[in-house]
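First comes the structure, then the notes that go with it.
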Amino acid sequence: MIAKGGYIKDILVSSPGRTVDAHGWVKTRRDSKGVHFIQLNDGSCFADLQVVIEAGSIPEDTLKVVTTGACVRITGVLTESPAAGQAVELKAIAIHVFGVADSASYPLQKKGHTMEFLRDIAHLRTRSNTFGAVFRVRNALAFAIHTFFQDRGFQYVHTPIITASDCEGAGAMFGVTTLDMQNVPRIAEGPNAGKVDYTQDFFGKPAFLTVSGQLNAEIFALAFSNVYTFGPTFRAENSNTPRHLAEFWMIEPEMAFCDLAGDMELAEAFLKSVIGQVMDACPGDLEFFNKRIDNTILETLENVVNNDFEHVPYTEAVRILENSGQSWEFPVFWGADLQSEHERYLTEQTFKKPVIVTDYPREIKAFYMRANDDGKTVRAMDVLAPRIGEIIGGSQREERYDVLLDKIRESELSEEAYWWYLELRKFGSAPHAGFGLGFERLMLYLTGMKNIRDVIPFPRTPGTAEF
RNA sequence: UCCCCGUUAGCUCAAUGGCAGAGCGUUCGGCUGUUAACCGAAAUGUUGAUGGUUCGAGCCCAUCACGGGGAGCCA
């Protein structure tokens with residue numbers, strides 16, 4: 001194990017003169033007449049350690065297998081680098097090769113790989129510049145999220161991954177079963193004869209992978225005041241886009257004693273905080289994204305951190321779109337949901353920064369959102385970001401028992417299935433609000449990466465669960 | 001799921017229906033410290049799969065598979 005202080009990121013900021021052991025994987029190698037150069041990376045930072053091997057200092061048969069992809073430990077003396085590009089370099093004394101990588105068949109080259117090719121070698125893409133940067137940022141972002149909430153006294157709650165209530169209603173769900181799919185038990189007689197007999201299944205009823213932890217988080221908010229979830233979420237939708245995954249991570253804060261204004265304040269503070277934290281933690285990685293992936297990304301992030309988000313009620317947003325003079329593929333009128341093209345127009349053309357749209361028509365939003373007094377709209381908010389569209393969706397929740405019961409009946413949902421959700425409104429109900437945020441969507445925003453499959457270690461999408 | 005585009009060397013891409021090509025990588029050689037090093041040479045192909053049209057198909061047609069972009073669903 002590499003001890004604290006022994007990572008390449010530590011070695012790179014050490015003062016010259018020491019003898020050190022550097023562990024890692026060879027990224028590239030350059031040979032000259034009397035000297036060899038190796039770029040060594042252990043994943044601890046974007047920069048490589050340049051190792052200098054004087055001719056004759058290392059046995060020929062060792063040197064021969066120190067090629068791109070090989071895993072090595074190099075003992076050497078840290079010296080001031082005479083050339084530009086790095087402050088210090090390692091003059092090799094001894095090299096131990098843990099694992100060779102045959103040059104003729106090692107798939108990673110020094111240059112020009114497409115994201116699609118790298119995705120096909122997800123077991124090796126982690127060693128590339130791009131994916132090293134992506135996954136360091138992912139780690140820093142996850143940590144920043146916990147830091148943000150913990151600093152504010154939010155409790156982290158682990159909501160279930162398996163749910164036996166199919167009442168979440170946020171999209172198609174994956175079934176979870178131990179029944180023998182080749183020989184499914186069926187109900188023998190009665191009105192349901194011939195249907196699957198779930199009483200014989202593991203949970204005694206149909207079970208699914210969660211599509212949201214929100215309803216469970218509400219339970220905790222009505223006891224611990226401020227809570228958040230951060231865990232995997234599953235959608236069985238046949239979505240084939242650069243913005244969808246079948247398995248993704250979601251963050252869902254839920255706050256008691258909170259209205260829509262408080263919800264929006266938290267959402268904005270959240271985005272600014274986590275983006276700022278990642279900018280502090282991963283400057284080298286973000287510079288790389290700015291240089292090679294999207295040269296507007298640093299400017300965009302600075303902008304988000306330093307400027308207030310735009311707020312616009314749905315009704316006003318519709319008016320802006322109607323008066324834009326644009327021709328839309330999907331018509332704009334009060335009551336219609338905003339389409340991708342509309343969201344992009346608002347964020348990229350009208351405001352050129354994140355926009356929070358509020359107070360949507362009740363018909364196009366979920367039953368649990370709190371009704372406004374106008375009877376037409378609900379206290380919902382979507383945070384829209386340039387390039388990626390909706391990044392946060394949230395609302396104040398309906399805390400009034402009678403109103404919620406009406407909404408459930410109106411939506412033709414099962415009262416019985418929501419018994420506990422209703423009962424929360426009967427015993428010590430409180431105004432409360434929250435939002436949901438796709439972790440990988442935020443990763444896209446932070447890195448400038450174009451495809452969501454390239455910001456999660458091992459993407460699961462329709463037809464693909466490799467690695 | 002719908003629309004459009006694509007699939008040729010390890011990678012990125014060329015190739016009027018008529019001999020399968022380049023750059024990068026790899027290998028070998030050269031080069032006084034390189035930074036996606038440089039210079040020279042060589043090797044590398046079941047043109048995604050299955051049918052069809054044709055004297056002849058990488059190229060035209062059909063079906064399928066996979067990938068990309070857009071849309072829907074949504075986070």
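A note on names: the letters A, B, ... follow the listed sequences, proteins ahead of strands, and every chain is numbered from 1.
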I need a per-nucleotide contact map over nucleotides 36-48 of chain B, read 5' to 3'. Cutoff is protein heavy atoms under 4.0 Å; write B for the base, S for backbone only, - otherwise. BB-----------
Could you state the atom-to-atom distance from CG of A:L338 to P of B:G72 in whole Å? 11 Å
Protein-nucleotide distance (A:I38, atom CD1; B:U35, atom P), rounded to Å: 16 Å
Considering every strand and a 4.0 Å limit on heavy-atom distances, what is the contact class for A:E440: base, sugar-phosphate, or nothing? nothing
Can you tell which of B:U27, B:C73, B:G25 lies closest to the side chain of A:Q109? B:G25
Which residues in residues 87-97 of chain A have a heavy atom closer than 4.0 Å to any atom of RNA chain B? A:E89, A:K91
Just jot down the salt bridge (Lys or Arg N to Asp or Glu O under 4.0 Å) partners of A:D102, sequence neighbours excluded, or say none. none
I'd like to check the side chain to side chain donor-acceptor pair (under 3.5 Å) partners of A:R460; sequence neighbours left out, ordered by chain and number. none
Distance-only criterion, 3.5 Å: show the donor-acceptor pairs between side-chain atoms of residues 58-70 of chain A and protein atoms not counting sequence neighbours.
unit_1: A:T67; atom_1: OG1; unit_2: A:A101; atom_2: O; d: 3.1

Interface with RNA chain B, restricted to residues 454-467 of chain A and to heavy atoms under 4.0 Å: A:T464
Sorted by position of nearest nucleotide on RNA chain B, 5' first, the leading residue of A:D120 and A:E343 is A:D120
Inter- and intrachain pairs under ring pair (Phe, Tyr, Trp, His ring centres under 6.0 Å), touching residues 50-84 of chain A, at least two apart: none
Partner set under side chain to side chain donor-acceptor pair (under 3.5 Å) for A:Q50, not counting sequence neighbours: A:R30, A:E89
For RNA chain B, the residues among residues 48-70 of chain A that have a non-hydrogen atom under 4.0 Å from it: A:Q50, A:E54
When all nucleic acid strands are considered with a 4.0 Å heavy-atom cut-off, which category describes A:H113: base, sugar-phosphate, or nothing? sugar-phosphate
A:I121 CD1 - B:C11 C1' separation (whole Å): 10 Å
Does CZ belonging to A:F154 count more than 12 external heavy atoms closer than 6.0 Å? yes
Watson-Crick and G-U pairing of RNA chain B, under 3.5 Å, as dot-bracket with | and [ ]: (((((((..((((....[..)))).(((((.......))))).....(((((..]....))))))))))))....
I'd like a table of atom pairs between the protein and nucleotides 68-71 of chain B - only N or O on both sides, under 3.5 Å - with the distance next to each one.
unit_1: B:G68; atom_1: OP1; unit_2: A:R119; atom_2: NH1; d: 2.1
unit_1: B:G68; atom_1: OP2; unit_2: A:R453; atom_2: NH1; d: 3.4
unit_1: B:A71; atom_1: N6; unit_2: A:N240; atom_2: O; d: 3.4

Pair listing, side chain to side chain donor-acceptor pair (under 3.5 Å) test, anchored in residues 351-363 of chain A, at least two apart: A:D359-A:N372, A:Y360-A:D382, A:R362-A:E410
